[in-house]
Amino acid sequence: MKNHLTYTAIIAISAAFLSACSPDTDKETMRVEHPFEPNAHLMEWSASCPTNGTWTMALHGGAGVIVKENFTAEKEKAYRDTLTETLQTGADMLKDGASALDVIEVTIRKMENDPKFNSGKGAVFSAAGFNELDAAIMDGRDKNAGSVASVKRIKNPISLARSVMENSRHVMLIAEGAETFAKEQGVEMVDPSYFYTERRWKQMQAKVAKKHGAINAETKYGTVGVVVKDGCGNLAAGTSTGGLTAKEWGRVGDTPIIGAGTYADNKYCAVSATGTGEYFIRATIARDVCARREFLNEDLQTSMDALIHGTLTDMGGDGGIVAIDNNGNYAYSFNTAGMYRGAVKSDMPVSVSIFK
Ligand code: ASP
């Protein structure tokens with residue numbers, strides 16, 4: 001709550017200042033003019049863990065047909081730089097004693113504001129021409145969780161998901177109801193036109209023209225997800241997405257479904273997924289990573305590979321997951337050509353990868 005109030009206050013003061021300098025600048029325009037500034041300074045957080053603790057952070061920026069031949073050197077560098085910067089932001093916070101939840105919110109907001117990813121500003125379009133955003137966050141301490149689905153006016157859906165978790169009695173809010181709650185909470189709202197990008201619009205039109213439907217093998221998913229074990233030893237997971245290009249009829253994917261695309265339990269693991277959401281929902285992939293550790297005592301990589309290369313692949317689904325276990329180990333597993341991914345630990349520098 002405090003975070004959102006502080007954020008709103010900063011926006012309000014800047015808006016007042018700007019309108020005094022230039023009477024033509026209205027609030028909405030000012031927000032849209034600065035969509036890519038780093039978020040760390042826009043959200044206040046306070047140290048709650050020891051500064052000398054051990055910690056781990058891992059993230060993904062989507063999986064899919066991500067092959068080197070389709071990348072120019074500049075494009076590859078742009079993705080690598082953003083993944084590195086995002087991990088470095090998280091590492092700096094964790095070094096200073098930030099909680100897993102604060103790191104997840106700040107770093108996912110950063111990627112939501114970056115049009116390269118299919119979340120926030122870069123969200124894909126539904127077949128009807130809307131950006132309908134889904135997000136979830138889960139706290140491994142008590143398995144508290146919050147999620148939102150099909151929101152059209154929330155600049156940073158991960159922050160609204162966190163508000164649902166912390167400031168409501170519910171776990172999941174959808175569409176207009178979620179937006180009414182956002183207004184009450186002072187979560188930043190934008191005109192739906194904020195989410196327009198020509199690239200995403202053309203992708204949607206191409207898919208609709210080919211009558212491809214939302215799920216097909218050529219899809220590049222671009223969801224973002226972060227998992228953290230903080231210096232207090234707490235685990236958390238968060239995921240944010242625009243869903244699948246050309247999705248129809250109010251379709252909701254795995255991202256905001258706790259146990260499908262997002263899950264965290266301090267005792268076992270924290271997981272974030274990306275891929276064909278329908279399969280991740282049916283196979284409860286994220287929860288099953290932790291369940292396999294709980295009931296089969298498997299190590300993280302074994303349980304993840306069993307689910308991605310076994311269960312998911314056998315069902316015909318594709319995508320990937322990043323996860324952290326209760327000992328601070330991280331792992332990736334994906335059955336696609338690539339997955340934007342990276343990790344950093346208190347005793348390991350940032351490392352990022354894109355291709356298989
Ligand atoms: N998993 C997301 C969904 O099905 C899509 C993605 O990962 O990009 O909504």
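As the structure lists them, so they are numbered: ligands from 1, and atoms in each ligand from 1. No experiment lies behind these values; they were computed from the predicted model shown.
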Return yes if a side-chain donor-acceptor contact under 3.5 Å exists between [X] and [Y], otherwise no.
X      : Y      : answer
Glu112 : Ser119 : no
Ser159 : Glu105 : yes
Thr84  : Asp81  : no

Evaluate [X] for polar contact with ligand 1, using N/O atom pairs at a separation under 3.5 Å.
X      : answer
Thr274 : yes
Ala273 : no
Gly243 : no

Just which atoms of ligand 1 are under 4.0 Å from any heavy atom in [X]?
X      : answer
Thr223 : 2 (C), 5 (C), 6 (C), 7 (O), 8 (O)
Asp254 : 1 (N), 2 (C), 3 (C), 4 (O)
Gly253 : 9 (O)
Gly222 : 8 (O)
Gly277 : 4 (O)
Asn118 : 8 (O)

*Going by the angle between their ring planes, with limits at 30° and 60°, are Tyr196 and Trp201 parallel, tilted or perpendicular?*
tilted
_Judged on heavy-atom distance to atom 2 (C) of ligand 1, which of Pro256, Gly61, Gly225, Gly275 sits nearest?_
Gly275
*Answer yes or no for Arg251: is there a heavy-atom contact with ligand 1 below 4.0 Å?*
yes
_So for Gly261, does at least one of its heavy atoms come nearer than 4.0 angstrom to any atom of ligand 1?_
no
_So that I can tick it off, tell me whether Arg251 and Glu132 are bridged by a salt bridge, with the cut-off set at under 4.0 angstrom between side-chain N and carboxylate O._
no
*Under 4.0 Å between a Lys/Arg side-chain N and an Asp/Glu carboxylate O for Lys267 and Asp265?*
no
_Tell me if a side-chain donor or acceptor on Asn131 pairs with a main-chain N or O of Val124 at a distance below 3.5 Å._
yes
_Test of ring centre spacing under 6.0 Å for Phe195 and Phe125_ = no
